[in-house]
Structures are given as C-alpha cells and as structure tokens.
Amino acid sequence: MKKNKIKPTGRRIRKSGGEILFEIVVYAIAALFCIYCLFPFAIILGSSFETESNFATYGFPIIPKDFTLQAYKMVLGDSQIFKAYGVTIFTTAAGTLFSMLLTITMAYPLSLKKIKFRNAITFFVYFTMLFGGGLVPTYLLISKTLDMKNNIFVLILPVAFSAWNMFLMRNFFAGIPHELSESAYVDGANDIQILRKIILPVSVPGIATLSLFYALGYWNQWFNAMLYIEDANLFPLQYLLMRMLRNADAMREMARTTGMSVGDLPTNSLRMATTVVAIGPIVLLYPYVQKYFTSGLTVGAIKG
C-alpha cells in the first residue's frame, strides 16, 4: 500500500498590512538605536584626526575640518607602545585562561548537591563580595609578603578570581539537566571525566560570556600596574596611555604658565587617539562571542 506524500505547494504566506507596518517600525527603531550607539564612537574617531586648535572653535567633529595624524604619531611613536601591547595581550590571554580554570573548578563542585559543606563554602565566597581587606593590607601582602613587585604575574594573580563570575558559572552548571551526569555515573565515569566530556561541551555559552568579562577586565586594568610595576618594560597598555595623557596635560600646563603657545600641543585629540588605540583590538572579540550572550547570561541567572 503506497503512502500519499504531501507535496509542498510552494506558496508563500502573505503578510497583512499591519504585520508589514509593524516590521518596518521595529527595523526603523533598531536602526535609530544602532546609530545612537555608534554616534559617540564616530565622534571619538573623527576627533582623533582633528587639530588641537580647532577644538575650541568647532568642538568635537565627526568629520575633521583639518585632518592630521599628530595625535597618532605621538601615541604610536613611543617606543614602549608595542611592548605595552605585548604585555597586555599576554596578561589578557594567560589571565583569562587561568581565571576560567579557577572559576570552573570551583563552580562545578559547588553546583553538585552531593558535595559536603558546599553551603558553607558558598557563604565564604559570598562573604568576599561584601567585605574586603582594604588597599593597604592588600598592598603589603602582594609587595612585601609575596614579593611580587615588578613581576608580570602581579597583573594576573590578584584579579584572577571573581566571586560574581563564579556564581554565574555555578548557576549555569546547576541549570544543566542532572540526567546527563547520572547516566555517565552509571557508565562508570568519574567527576573529572563528566566535567570534561559532558558539562563543558554544553556550557560553551556561559564559558564564552565569562571569558569575555575576564578578558575585558585584564585588558582595561591599569591600577595594579601603578601600584606594583616600576619597570617600564612591564607597563600594560592602559597604564602607558594614561601616563602619556598625564605628560601631555603637564606639558600644556607648563606652556600656559610660561606664556608659550599651546595650540600645537595635542591634548583632546590625544585623548581620542588613545581611546581608539586602546579599544581597537578588544572590540574584535565581540563578534565571536556575541551569539553566546543571551543564553550565557539568562541561563546562568535562572537558578540561585
């Protein structure tokens, strides 16, 4: 007996006028919102190519009136800039891997109900989010007790673990169906094998999202460098750029006090150029992890 096959008709479902109007309005609002978000970046990029003397007259332009590369020559002309890039790239890559290792290895056990004292351990971790030792004890611990001044790992170890990110990862693990782990236990797998072969492959959205959070933190840090780094070869990018801006402001103030012309000393354009130089590489990470944001954040926030 032959079965009757349903052939596709090939006809498209026609949308009503109200649905078409609704889509037009939604796309228009989304386009306006994108333009609104991109507008500050356009101002930063355009102003970085403007001459300093035009800022007082024309403000911060999107299209520079007098195009110049003076600010970028000052930023990229510094011999330390590429060393700083290397330090920042190393600390961002190594720090993110190390931070995710710490976060995952602590979040997974705390997500298992069979672990003894997991509530007490969770409370101790949560306690660190409410109270801290303060700047002076932290400085003495790192610089005196651990003797980590002028060490590149001082840019990684003090900020390697985030309690907030650990809780997000723990909640993500807790949202994974327990049947996956139970079936693996029946087959004789241990916790490490289950974590490596079952839990981690289905946790890519959460891992990608938290990895970006850690990477942004490492890329933008400068405070620890100011406290613990005196060797110019170990300056990260953000700290070096901050020093450039301070030196430019100091030169401009000195020129004012001595009566010299300050029109050719870039300060505003230098700020914009340093912003472009600083955010350029890290922005490239967003397209690769953007698709994980929604699932990575919402799933990790369902259960407590």
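Sequence positions, counted from 1, serve as the residue numbers for this chain.
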Can you tell me how far apart [atom1] ([X]) and [atom2] ([Y]) are? Round to the nearest 0.5 Å.
| X | Y | atom1 | atom2 | value |
| --- | --- | --- | --- | --- |
| Tyr239 | Met244 | OH | CE | 12.5 Å |
| Leu195 | Leu200 | CG | CG | 4.0 Å |
| Glu50 | Met272 | CD | CE | 11.5 Å |
| Asn165 | Ser211 | CG | OG | 9.5 Å |
| Tyr214 | Ile156 | OH | CD1 | 13.5 Å |
| Ile24 | Tyr27 | CD1 | OH | 10.5 Å |

Restricting to non-hydrogen atoms, name the atom on [X] and the atom on [Y] that form the minimum distance, rounded to 0.1 Å.
| X | Y | value |
| --- | --- | --- |
| Ala215 | Thr92 | O-CG2, 3.7 Å |
| Leu227 | Tyr139 | O-CE1, 3.6 Å |
| Ser99 | Ala160 | OG-O, 2.7 Å |
| Ala278 | Trp219 | O-NE1, 2.7 Å |

Is the shortest heavy-atom distance from the side chain of [X] to the side chain of [Y] under 4.5 Å?
| X | Y | result |
| --- | --- | --- |
| Thr51 | Gln70 | no |
| Met148 | Phe153 | yes |
| Ile44 | Ile279 | no |
| Asn233 | Gln80 | yes |
| Ile20 | Glu23 | no |
| Pro61 | Ser47 | yes |
| Ser203 | Ile176 | yes |
| Val154 | Asn224 | no |

Exercise for review: Output, in order, the C-alpha distance, side-chain angles, deciding distance and verdict of side-chain contact (heavy atoms from CB on, under 4.5 Å) for Ile62 and Leu45.
Suggested key: CA-CA 7 Å; Ile62 296 179; Leu45 184 61; over 6 Å; no
Review point. Please walk me through it: do Tyr72 and Ser48 pass side chain to side chain donor-acceptor pair (under 3.5 Å)?
Key: CA-CA 8 Å; Tyr72 287 97; Ser48 65; 2.7 Å; yes
Check your understanding: Do the ring planes of Tyr126 and Phe167 sit parallel (below 30°), tilted (30 to 60°) or perpendicular (above 60°)?
Key -> perpendicular
**Study point:** Asn54-Asp66 side chain donor-acceptor pair, cut-off 3.5 Å
**Key:**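 Asp66 and Asn54 do have a side-chain donor-acceptor pair below 3.5 Å.
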Hey, any chance [X] and [Y] share a hydrophobic cluster, counting ILVMFWY side chains that come within less than 4.5 Å of each other, even indirectly?
| X | Y | value |
| --- | --- | --- |
| Leu245 | Phe60 | yes |
| Leu155 | Met226 | yes |
| Phe127 | Met106 | yes |
| Phe124 | Ile115 | yes |
| Leu110 | Leu101 | no |

So, the side chain of [X] versus the backbone of [Y]: is there a donor-acceptor pair under 3.5 Å, distance only?
| X | Y | result |
| --- | --- | --- |
| Thr88 | Leu237 | yes |
| Asp231 | Leu234 | no |
| Ser111 | Ala174 | no |

**Study point:** salt bridge (charged side-chain N to carboxylate O under 4.0 Å, His left out) evaluation trace for Glu230 with Lys149
**Key:** CA-CA 8 Å; Glu230 296 176 356; Lys149 292 196 69 173; 3.4 Å; yes
**Study point:** Step-by-step side-chain contact (heavy atoms from CB on, under 4.5 Å) determination, Val75 to Leu270
**Key:** CA-CA 8 Å; Val75 175; Leu270 183 62; 3.4 Å; yes
Check your understanding: Counting only heavy atoms not in Phe39, do more than 12 fall under 6.0 Å of its CZ?
Key ->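 Counting neighbours around CZ of Phe39, 12 or fewer heavy atoms of other residues, nucleotides or ligands fall under 6.0 Å, so no.
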Point to revise | Crowding at CD1, Ile192 (>12 non-hydrogen neighbours, <6.0 Å) | key: no
Practice item. Please assess Asp191 against Lys114 for the test salt bridge (charged side-chain N to carboxylate O under 4.0 Å, His left out), listing each intermediate value before the final yes or no. Key: CA-CA 12 Å; Asp191 288 314; Lys114 66 178 182 179; 3.2 Å; yes
Exercise for review: Among Thr138, Leu140, Thr145, find the one that has a side-chain contact (heavy atoms from CB on, under 4.5 Å) with Ile142.
Suggested key: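 Testing Ile142 for a side-chain contact (heavy atoms from CB on, under 4.5 Å) against Thr138, Leu140, Thr145 leaves exactly one candidate, Thr138.
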Practice item. Carefully, step by step, assess Tyr218 and Thr96 under the rule side-chain contact (heavy atoms from CB on, under 4.5 Å). Key: CA-CA 8 Å; Tyr218 283 111; Thr96 301; 4.0 Å; yes
Check your understanding: Stepwise, does the side-chain contact (heavy atoms from CB on, under 4.5 Å) test hold for Met169 with Met166?
Key -> CA-CA 5 Å; Met169 196 76 256; Met166 191 280 296; 5.7 Å; no
Review point. What residue pairs, at least two apart or across chains, pass ring pair (Phe, Tyr, Trp, His ring centres under 6.0 Å) with a residue in residues 73-123?
Key: Tyr108-Phe173
